[in-house]
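Please read through the structure below; I'll follow up with questions.
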2 protein chains.
Amino acid sequence: MISKRKVEERNQRKLAILEGSLRVFNELGIEKTTMDEIAHESGFGKATLYYYFTSKDDVFVHIMEYGWKRLWEGIESRVVENIGPRKKFIGIIRKMGKIVTEDKILYGFLFTAPNYINDPNKQPWKIYQERLYAILQSIIEKGIEKKEFVDLNPNLLMKAIGGLFHQLLISNEEDLKDNEFEDMLKNFLRPKK
Amino acid sequence: MISKRKVEERNQRKLAILEGSLRVFNELGIEKTTMDEIAHESGFGKATLYYYFTSKDDVFVHIMEYGWKRLWEGIESRVVENIGPRKKFIGIIRKMGKIVTEDKILYGFLFTAPNYINDPNKQPWKIYQERLYAILQSIIEKGIEKKEFVDLNPNLLMKAIGGLFHQLLISNEEDLKDNEFEDMLKNFLRPKK
DNA sequence: TTAATTTTCGACCTAGGAGTCTATAAATAT
DNA sequence: ATATTTATAGACTCCTAGGTCGAAAATTAA
C-alpha cells in the first residue's frame with residue numbers, strides 16, 4: 001500500500017511535467033513541441049514522461065483539466081452567494097480575473113488552444129468549462145430580468161463579455177490598472193436610461 | 001511573352017489551391033493538414049502545389065496576405081471620408097463586419113492562426129493589419145477627444161473592440177440580427193452622462 | 001508537323017518525432 | 001542482506017509528411 005507521501009511525490013512529479021510542458025507549448029505551440037523538449041524542460045528522460053502519462057495528447061488533456069478545474073473551484077463559493085445578479089456577476093468576474101492574472105501562461109494557453117483534441121470523449125475539462133458558462137449565462141439572464149443589466153440578447157452578451165475577457169485579461173500584455181476592466185464592464189452592462 | 005489570359009489562368013489555379021488549403025486548414029488546423037490533403041481538396045497532384053508555391057508555409061503566407069489585403073482595401077474608401085470620428089468608426093466597423101461575414105471561413109482562420117510563422121521577415125500581411133489597427137486607433141482617439149466615445153484608455157478600447165469583434169462576428173456560429181452587433185458597439189462606446 | 005514550353009503527378013527520399021525497449025538505479029519491503 | 005517494486009533514461013524502431021524526381025501530357029510557338 002502506497003503511502004500518502006509517495007502519492008504526493010508522484011503528483012509533484014506529474015505537476016513538474018505539466019508545468020514544463022506548458023512552458024514549451026506556450027512558447028512553440030503544441031505541435032512544434034517535441035517530447036524531447038518537454039523532457040528536457042521538466043528535467044526527466046523522455047521515457048519517464050511515458051511512465052506518468054500515456055501520450056503527448058494525455059499531457060495536454062491533463063493541463064486543460066487542471067486549469068479549468070482550478071478556475072471553477074476558485075469561483076464556486078461566489079456562485080452560491082445570496083446576492084443580486086449584478087453584484088454576483090461582478091464578484092465572479094473579479095475573482096476570475098484574479099485567478100487568470102495570477103497564471104497568465106496557463107490561462108492564455110487554455111483559452112487559445114482548445115481544438116488540439118476534437119474527440120468529445122477525450123475532453124474531460126469541458127464539464128468545468130460548461131458549468132462556468134452556464135452559471136454566468138444564468139446570472140446574466142436574471143440581471144436582464146431585474147433590469148440590472150442592459151437589455152440585450154443574453155447569449156450575445158455572454159459572448160461579448162467572453163471576447164472582452166479574453167482580449168483584455170489574456171491577450172493583453174500590459175497589466176490593467178486596478179478596476180479598469182471592471183469599470184469598462186460595468187459601463188458596458190449599464191442599462192439604458 | 002505570356003498573354004494576359006495565361007496569367008489570369010495561372011492566378012485562378014493559385015487561388016484554387018489557396019481556397020482548397022483554407023478549407024482543410026480550417027477543418028483540421030494547419031499542422032494536421034498535409035500537402036496530400038491540400039492537393040486532393042484543390043484537385044491537383046501534390047507536386048503541382050510545389051509548382052505554384054515554394055512550400056506549405058508559402059501557401060499559408062499567401063492566404064494571410066490575400067485576406068488582410070482584401071479587408072484593408074474594402075474599408076480604404078471609408079477611411080478618407082470627411083465625417084466625424086464616431087460616424088466614421090461605425091461605418092468602417094459596419095463595412096468590416098460585412099466583408100468578414102461574407103467569408104467567415106477565411107477571416108475566422110485569419111484571426112485565430114497568426115502564430116504559425118513567427119519570422120517577421122516572412123509576414124507580408126502585417127502591413128495591412130497594422131495599417132488597419134493604426135487607423136482604428138486614431139479614430140478612437142479623436143472620438144474620445146471630441147467626447148463622442150466613452151472616456152477610456154484608447155489602447156484598451158481598441159483591444160476591447162477587437163475582442164467583441166472577434167467573439168461576435170467570427171467565433172459566433174449563429175448569424176446576428178441586423179444591427180445587433182452595431183447596437184451593442186454603440187452601447188459600449190456610449191459616453192457616461 | 002515539329003520543337004519548345006508549361007503543367008501535371010505518383011513514386012520516392014529523407015528527416016524528424018511519437019512511442020517503446022531494455023537495462024539500470026533508487027527506493028522500499030521482507 | 002536480499003528481494004521486490006518503483007522510477008529512470010538513451011538508444012532504437014517505425015511511421016509520417018514535407019519536399020523532390022523524372023517522365024509524360026498538354027499547350028503554345030515556330
Side-chain angles (χ1 to χ4, degrees), chain A residues 1-64 113 116-119 122, chain B residues 1-64 113 116-119 122:
Chain A
M1 198 247 235
I2 268 191
S3 76
K4 256 182 157 181
R5 183 186 59 82
K6 295 280 286 179
V7 170
E8 181 54 29
E9 269 180 14
R10 194 186 167 96
N11 281 342
Q12 286 299 337
R13 285 189 212 107
K14 289 176 88 164
L15 198 53
I17 292 171
L18 293 182
E19 284 167 357
S21 304
L22 181 60
R23 287 194 291 276
V24 198
F25 281 163
N26 204 62
E27 182 189 334
L28 305 177
I30 303 167
E31 267 113 346
K32 284 188 166 71
T33 296
T34 67
M35 294 300 270
D36 264 305
E37 272 155 340
I38 291 177
H40 185 266
E41 180 70 27
S42 53
F44 288 99
K46 190 163 74 164
T48 307
L49 305 187
Y50 291 92
Y51 181 77
Y52 290 103
F53 297 95
T54 61
S55 64
K56 190 180 176 187
D57 284 4
D58 194 34
V59 170
F60 168 83
V61 164
H62 273 82
I63 292 177
M64 297 295 281
Y116 181 64
I117 291 183
N118 292 324
D119 184 350
K122 290 172 179 169
Chain B
M1 198 248 236
I2 269 192
S3 76
K4 255 181 157 180
R5 185 188 58 81
K6 296 280 283 178
V7 170
E8 182 53 31
E9 270 181 11
R10 193 186 168 95
N11 283 340
Q12 286 300 339
R13 286 189 211 105
K14 291 176 86 165
L15 199 52
I17 293 170
L18 293 182
E19 284 167 357
S21 306
L22 180 60
R23 287 194 292 274
V24 197
F25 280 163
N26 204 63
E27 183 190 334
L28 305 177
I30 303 166
E31 266 115 345
K32 283 187 165 75
T33 296
T34 67
M35 294 299 271
D36 264 304
E37 272 156 338
I38 292 177
H40 185 267
E41 180 70 28
S42 53
F44 288 100
K46 191 164 73 168
T48 308
L49 305 186
Y50 291 91
Y51 182 77
Y52 291 103
F53 298 96
T54 59
S55 63
K56 190 181 176 186
D57 284 4
D58 193 34
V59 170
F60 168 82
V61 164
H62 273 82
I63 291 177
M64 298 294 281
Y116 181 64
I117 291 183
N118 293 324
D119 184 351
K122 289 172 180 168

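Residue numbers begin at 1 in each chain, while the letters A, B, ... track the order of the sequences.
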Send over the distance from Y52(B) OH to dT6(C) P, rounded to a whole Å.
->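 Result: 11 Å.
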Under 4.0 angstrom, heavy atoms only, what part of the nucleic acid is F53(B) near: base, sugar-phosphate, or nothing?
->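 The answer is nothing, as F53(B) stays clear of every strand by at least 4.0 Å.
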Taking the side chain as every heavy atom from C-beta outward, state whether D57(A) and Y116(A) have any pair of such atoms under 4.5 Å apart.
-> yes
Let me know the distance between CG of D57(A) and P of dA18(C), rounded to the nearest Å.
->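 Answer to the nearest Å: 10 Å.
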Has R10(B) got a side-chain N or O lying under 4.0 Å from the OP1 or OP2 atom of dT6(C)?
-> no
Determine whether F25(B) and E31(B) make a side-chain contact, defined as any pair of heavy atoms from C-beta on separated by less than 4.5 Å.
->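 F25(B) does not reach E31(B) side chain to side chain.
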State, yes or no, whether a side-chain contact exists between K32(B) and V24(B) at a heavy-atom distance under 4.5 Å.
->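 The answer is no, as the side chains (C-beta and beyond) never meet within the 4.5 Å cut-off.
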Note: F44(A) and A16(A) closest approach over all heavy atoms is CE1-CB, 4.5 Å
Any side-chain heavy atom of E9(B) within less than 4.5 Å of one from R5(B)?
->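 They are in side-chain contact.
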Among dT20(C), dC21(D), dA7(D), find the nucleotide with the atom closest to the side chain of R13(A).
->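 Output: dA7(D).
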Among D58(B), I17(B), L22(B), which residue meets the side-chain contact (heavy atoms from CB on, under 4.5 Å) test with I63(B)?
->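 Going through the options one by one, the only one that passes is L22(B).
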Taken to the nearest whole Å, NZ/K14(A) to P/dT6(D) is 15 Å
Where along residues 18-38 of chain B does a heavy atom fall under 4.0 Å from DNA chain D?
->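 Here the set is T33(B), T34(B), M35(B).
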Rounded distance (Å) that lies between atom C1' of dC21(C) and atom NZ of K46(A) |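 Whole-Å distance recorded here is 12 Å.
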Can you find a side chain N or O atom of R5(A) that sits less than 4.0 Å from OP1 or OP2 on dT28(C)?
-> yes
What is the distance from OH of Y51(B) to P of dA23(D), rounded to the nearest Å?
->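 Taking OH of Y51(B) and P of dA23(D), I get 18 Å after rounding.
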Decide yes or no for L18(B) and V59(B): does some side-chain heavy atom of the first lie under 4.5 Å from some side-chain heavy atom of the second?
-> yes
With a 3.5 Å cut-off and just heavy-atom distances, do the side chain of K56(B) and the base of dG19(D) make a donor-acceptor pair?
->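 No pair found.
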For the side chain of T48(A), counting heavy atoms from C-beta on, which of dT7(C), dA9(D), dT20(D) is nearest?
->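 Shortest atom-to-atom distance from the side chain points to dA9(D).
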Rounding to a whole Å, what distance do you find between L49(A):CG and dT20(C):P?
-> 12 Å
OH of Y50(B) versus C1' of dA11(C): gap in Å, rounded?
-> 15 Å
I17(B) CD1 to dT7(C) P, straight-line distance once rounded to whole Å | 11 Å
